[in-house]
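For the numbers below, each heavy atom of this structure counts, side chains included, while hydrogens, waters and symmetry mates do not.
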Amino acid sequence: MKRYMPLILIGAILFIAGGDKVFPGAIGKASTQTRTSVNNFLIGRFPTWKPKTNPYERTERELRETEGKK
């Protein structure tokens, strides 16, 4: 079984990556659905990153104060 594991893994990756273009009918649709599920899973694992601070806030505040003094 260990011998065939790399071949099975490569076959699964190829099926997910381009099976809908190669296989007709239901098998192609299964490939598309699998790829969509994998994409949604991976996107869900990494939430959007939002910075906790505004790095330019201090500079903008100083500019407003400087313009107000003129």
- Would you mind listing the cluster partners of Leu63? Hydrophobic ones only (ILVMFWY), side-chain contacts under 4.5 Å, chaining allowed. none
- The side-chain contact (heavy atoms from CB on, under 4.5 Å) partners of Leu14 (sequence neighbours excluded) come to Ile10
- Query: Hydrophobic clusters join Ile, Leu, Val, Met, Phe, Trp and Tyr when side-chain heavy atoms are under 4.5 Å apart, directly or via other members; which others share one with Leu42?
  - Reply: Val38, Phe41
- Pairs touching residues 24-44 that satisfy salt bridge (charged side-chain N to carboxylate O under 4.0 Å, His left out), sequence neighbours left out: Asp20-Arg35
- Message: How long is the straight-line distance from CD1 of Ile8 back to CD1 of Ile13, given to the nearest 0.5 Å?
- Response: 12.5 Å
- Roughly how far apart are Arg64 CZ and Thr59 OG1, rounded to 0.5 Å? 10.5 Å
- Query: Is it true that a side-chain atom of Ser31 and a backbone atom of Ile27 form a donor plus acceptor pair closer than 3.5 Å?
  - Reply: no
- Message: Once salt bridge (charged side-chain N to carboxylate O under 4.0 Å, His left out) is applied, what residue pairs with a partner in residues 3-17 remain, sequence neighbours excluded?
- Response: none
- Item | Set of side-chain contact (heavy atoms from CB on, under 4.5 Å) partners for Asn54, sequence neighbours left out | Tyr56, Glu57, Glu60
- Message: Quick check for you: to the nearest 0.5 Å, what is the distance between Ile16 atom CD1 and Thr32 atom OG1?
- Response: 11.5 Å
- Taking atom NZ of Lys2 and atom CE of Met5, what is their separation to the nearest 0.5 Å? 10.5 Å
- Members besides Phe46 in its Ile/Leu/Val/Met/Phe/Trp/Tyr cluster (side-chain heavy atoms under 4.5 Å): none
